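Values in this document were obtained by computation on a predicted structure and should not be read as measured data. Atoms within each ligand, like the ligands themselves, are counted from 1 in listed order.
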Amino acid sequence: GATASAVQDLSGRRVLISAGGTREPLDPVRFLGNRSSGKQGVALAQAALARGAQVTLVAAHVEVAVPCGVTTVLVSSALEMHEAMTLAAESAEVIIMTAAVADYRPRTVQLGKIKKEDVGDTLTLELVRNPDILAGLSDARRPGQLIIGFAAETETDADRLLALGRDKITRKGCDYLAVNRVGQHEGFGTERNTVTVLDRHGVIVNEASGSKMSVANCILDLIG
Ligand code: CTP
Ligand code: CA
């Protein structure tokens, strides 16, 4: 469980975190999903709680237990997460988007199960873009509100990875972007994480490698 931290440097601060991976429904029994476990977001919630914050977690299919004391809002799809985050953002001082939000969703959701008999040998899905939650929250940012994004990248070259991060923070308009390399064996679902945190100018302000808890604390250090 969460142990009380000696340093209550986030005492009373209202921190909103999104975590997990969204599922985009195809029919009542099927969805398009991703490999996010929600571990990094839950570690952030636990670390923020230990440092005295009031924490709200918008959770999409998080695979790990959420510490008690965290206010949890359960969502499934990107559209549901969009609605929940937009609402919760009104009273948040710090927003951290760790969730893996589906970029696209099926244009139509079938009311009944998709049947092979009706489809035939090939099935073509039409997908439409989901709203960019982080960019929307950054657009609507209130004075004093701090917004942090996470970029999941599979790029293996360190310089190209940073270049992608710099492009991304410009597009998103958030205050900080934690750039995170993901693949079969790192990032998603694993116990450890490596992130490089960029500010709005693309300057590296922090780097962390280790447990998701230590990465969480390194990101929370930016808030104080
Ligand atoms: N994000 C979001 N809404 C979306 C897609 C992403 O809020 N529809 C957020 C994620 O939670 C993350 C950040 O944007 O904090 C970066 O997500 P990422 O998938 O790395 O970036 P994209 O802008 O979706 O670009 P791409 O997947 O094409 O690299
Ligand atoms: Ca994406």
Side-chain angles (χ1 to χ4, degrees), residues 15-25 31-45 48 56-62 73 75-89 92 94-107 127-141 145-157 160-183 186-189 193-200 202 206 208 212 215-216 218-220 222-223:
V15 177
L16 170 64
I17 300 165
S18 73
T22 67
R23 289 181 180 178
E24 308 306 306
F31 59 83
L32 301 178
N34 61 68
R35 299 168 58 91
S36 175
S37 63
K39 283 178 186 164
Q40 184 62 73
V42 170
L44 271 158
T56 299
L57 186 75
V58 173
H61 308 284
V62 164
V73 181
V75 298
S76 185
S77 66
L79 290 180
E80 285 174 20
M81 179 167 278
H82 185 228
E83 200 180 309
M85 287 300 292
T86 305
L87 190 71
V94 179
I95 302 171
I96 311 174
M97 281 292 300
T98 70
V101 183
D103 294 327
Y104 298 90
R105 67 178 181 277
R107 180 183 290 282
L127 306 179
V128 295
R129 279 279 278 274
N130 274 324
D132 190 320
I133 302 169
L134 179 60
L137 295 174
S138 300
D139 255 3
R141 184 202 281 98
Q145 202 172 44
L146 188 79
I147 306 183
I148 304 173
F150 264 74
E153 304 290 354
T154 50
E155 174 63 62
T156 51
D157 179 82
R160 284 203 297 264
L161 183 67
L162 266 186
L164 287 174
R166 291 188 171 120
D167 282 353
K168 199 165 272 186
I169 193 165
T170 308
R171 280 202 307 277
K172 300 284 181 178
C174 52
D175 297 293
Y176 296 109
L177 186 72
V179 183
N180 180 198
R181 205 164 84 82
V182 295
E186 53 199 331
F188 283 12
N193 219 358
T194 301
V195 300
T196 301
V197 186
L198 304 177
D199 70 8
R200 300 159 152 285
N206 229 333
K212 290 188 173 179
V215 168
C218 151
I219 286 160
L220 295 176
L222 298 166
I223 298 172

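- Asp175 has a carboxylate O that lies under 4.0 Å from a charged side-chain N of Arg141, or vice versa, which qualifies the two as a salt bridge.
- Screening Arg166, Lys168, Arg160 for a salt bridge (charged side-chain N to carboxylate O under 4.0 Å, His left out) with Glu153, the sole residue that qualifies is Lys168.
- Going from atom CD of Glu24 over to atom CG of Leu127 covers 9.5 Å, rounded to the nearest 0.5 Å.
- Residue Glu83 places its CD atom among 12 or fewer non-hydrogen atoms of other residues, nucleotides or ligands, all under 6.0 Å distant.
- Within the 4.5 Å cutoff, no side-chain heavy atoms of Cys174 are placed close to those of Ile148.
- Taking 4.5 Å as the limit, every side-chain heavy atom of Leu137 sits out of range of all side-chain heavy atoms of Gln145.
- Listed by chain and number, Asp103 OD1, Asp103 OD2 are the protein N/O/S atoms closer than 3.0 Å to the Ca ion (ligand 2), with waters left out.
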- request: Let me see the working for Asn206 and Ile219 under side-chain contact (heavy atoms from CB on, under 4.5 Å), right down to the final yes or no.
  value: CA-CA 8 Å; Asn206 229 333; Ile219 286 160; over 6 Å; no
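- When each of His82, Lys172, Arg171 is checked for a side-chain hydrogen bond (donor to acceptor under 3.5 Å, both in side chains) with Asp132, only Lys172 meets the rule.
- With Asn34 contributing its side chain and Gly21 its backbone, the two residues share no donor-acceptor pair below 3.5 Å.
- The protein residues lying under 4.0 angstrom from ligand 1, judged by non-hydrogen atoms, are Met97, Ala99, Val101, Asp103, Pro131, Asp132, Ile133, Leu134, Gly149, Phe150, Ala151, Ala152, Lys168, Lys172.
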